[in-house]
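First up is the structure itself, then whatever we jot down about it.
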Amino acid sequence: MLSAASIPVLSAPVPVSIPATSVAKPPPPPPNTNLSLLHLCTHLQEATQVHALMVKTSQTADPYSAGRLAEFYALSDRGSLEHAEKILDSFPHHPPTFVCNTLMRAYSERRNPLLSINLYRRMLVDAVEADRFTFTFTLKACTQLCALAIGMQIHAQVVKHGLESNAHIRNKLIHLYAVSGRIRDARKVFDGSTEPDVVAWNSMLQGYADMDDGENLHNLFDSMPARDVVSWNTMIAYYIEAGEFEEAILMFRLMQQSSECGLNRVTLISVLSAVTQLGALGQGQWVHAYIKRHAIELDENLSSALINMYSKCGCIEGAIYSFETTHRRSVDTWNAMIGCFTANGCSLRAIDLFSKMEASGLMPNKITFTCVLNACSHGGLVDRGIRYFEKMSNVYGIEPDVGHYGCMVDLFSRAGLFEKAEEIIQRMPIEPDKVMWKAVVGACRVNKNYELGEKAGLKLIEIDPDDNAGYVLLSNIYAMSNNWNGVYRVRKLMHDRGIKKVPGCSSIELDGLVHEFIAGDAAHARKKEIYKMLDEMAQKLKRAGYEPDTTQVLLDIEEADVKESSLALHSEKLAVAYGLISTSPGATIRVVKNLRICGDCHSALKLLSQIYDRNIIVRDANRFHHFNRGSCSCMDYW
DNA sequence: GACTCCCGCT
């Protein structure tokens, strides 16, 4: 629709002023009214009117004007790729280079690099002169396609045109070689440049980071004459990718101390990701405070990262606050918040928020339903789960994927409805994955269905023989049914195949430092106090009527011999003991465990939350347990 | 007349 103000302008073109007198030297090009009008257009229809005007005056035959028009159509948010292509087609024999370049750029931006390459081919056929922009755009397309062979041909063309020293082209070549795993070729281009700019350095950094070559990465980073925000972000992302989250945060600290450059949204999102995986709430809150202090607007990405951080730190209030202070909410924002309620055991709130999302008119996606269905299975809401599963395809036209079927299998298995679970597995059109079998084994263990548990455990090992989880779970099933022969067979199988059980590890963050404990750990500087505290805990637990659940020890393949004493030294208990001696009375204790919490620790922590009057929040591999006044938010349903 | 490098996850 045209706005009222713009109608008279368009219907009565402003006269073009033409110099009254002719001069000896060629006159400068007249200011082009139509082209200026183009950029005032707020809608596509307005632009097509200007376009029509230009056709009428044959202006579109002029390469420059056609170029600007193509640029507007192809790249502005008011444009249309189809219209831009029509401009290209209006030059059937020899389209202007600029028009070709602009379209290639647009194709790349819209993630359609194949069209870029095709257009470049057409330029070759039509003998359209390529320039430095042509090569940057085609190289970008090659990079997106990982088309190394074509990229090398273009590299040859670049040399032929004498454009090897062009910074943009050179950087694109480095990037292409780096992401194609040809780091030595990337280095050759890099070393061949007289004065590589920071983008060239960064592209090399990225190459080494992708190759997981920490040594060269560090050498390069240290020898950089100047580092910008991208350089630092690349290093931080490298550590996150490598799972070295503390190093990532350390890098972030160094970045701030160096004051070489400021940080940006990418930095914040990366750091939040590291903090999230560590479960280090204090550092996450620091990032949030930074965002507020610098009045950085929460866009949908940053807010999702923030909500996710609070969620994974078990801090529901923080997540809600972040959600509510986000002005532009996307599906991801809603998903993050619904997922937070789900993971923290607030199934009904998750479902309630989903209803609000529906009411807001936003379309839920696959992930939304994964979160909602998960809420139903964790909350034991079988009927609702079935309803949402049906609604997903019937109302929203979303085909269930393996994850959704997994939620349903989980939903039925947890509720002990194993026939229903098996029915789904048999009838679904996708092969069951290992997540699904893990859910089945877990539920079989809780509901003591040893027969199906064994079958599922064997499936698990068959699907992924390298994953230790299958062996551990199967052995647990055997141990619970007193099938010691089975336990022995699994243990031998693990040994023969060189599979190692991942040791349980719990961490707790205090004053910006993350302390890690493994079972029976004696490495901590304050180990004497910690063990004294453990003794006290054990005594108080006993007085409160707690009985160590030694069946849990039998399940633990590698520690079957030490029984009761080994239970008392489980990593989560150590972390809690350290939390108790290091924080003030009443303070919440937050622990992150890499595996699922053990059943004995679960009962012990319930009592301890009462004995010491503390909120104890444990994030395990699957979900959260908020222990408070003797009970847990999971309602023992996990 | 314009362009290149970094994030996010079930």
_Ring centres under 6.0 Å, that's the criterion: do Phe389(A) and Tyr405(A) meet it?_
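Between Tyr405(A) and Phe389(A), which both carry aromatic rings, the centre distance is below 6.0 Å.
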
*asked:* Measuring centre to centre across the rings, with the benzene-like ring taken for any Trp, is Phe221(A) within less than 6.0 Å of Trp201(A)?
replied: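 No.
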
Would you indicate, yes or no, if [N] has its OP1 or OP2 atom less than 4.0 angstrom from a side-chain nitrogen or oxygen of [X]?
X	N	answer
Asn233(A)	dC5(B)	no
His175(A)	dC5(B)	yes
Lys366(A)	dT10(B)	no

Tell me the interatomic distance from [X], atom [atom1], to [N], atom [atom2], rounded to whole angstroms.
X	N	atom1	atom2	answer
Lys434(A)	dT10(B)	NZ	P	16 Å
Asn308(A)	dC7(B)	CG	P	17 Å
Arg227(A)	dC5(B)	CZ	C1'	16 Å
His39(A)	dG1(B)	NE2	C1'	10 Å
Ile240(A)	dC6(B)	CD1	P	15 Å

*asked:* With heavy-atom distances below 4.5 Å as the criterion, would you say the side chains of Trp437(A) and Val409(A) are in contact?
replied: no

Would you mind classifying the nucleic acid contact of [X] as base, sugar-phosphate or nothing, using non-hydrogen atoms under 4.0 angstrom?
X	result
Asp299(A)	nothing
Asn101(A)	base
Ala237(A)	sugar-phosphate
Thr136(A)	base
Arg68(A)	base
Gly67(A)	base

For the side chain of [X], starting at C-beta, report the closest nucleotide among [options].
X	options	result
Ser203(A)	dC5(B), dC6(B), dT10(B)	dC5(B)
His168(A)	dT4(B), dA2(B), dC6(B)	dT4(B)
Val266(A)	dT10(B), dC5(B), dC6(B)	dC6(B)

*With a 3.5 Å cut-off and no angle check, do the side chains of Tyr321(A) and His288(A) form a donor-acceptor pair?*
no

*Stacked pair Phe98(A)-dA2(B), distance under 5.5 Å, angle under 30°*: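 It does not: the ring fails the test against the base of dA2(B).
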
*asked:* So, applying salt bridge (charged side-chain N to carboxylate O under 4.0 Å, His left out) with Asp299(A), which one of Arg329(A), Arg328(A), Arg265(A) is it?
replied: Arg265(A)

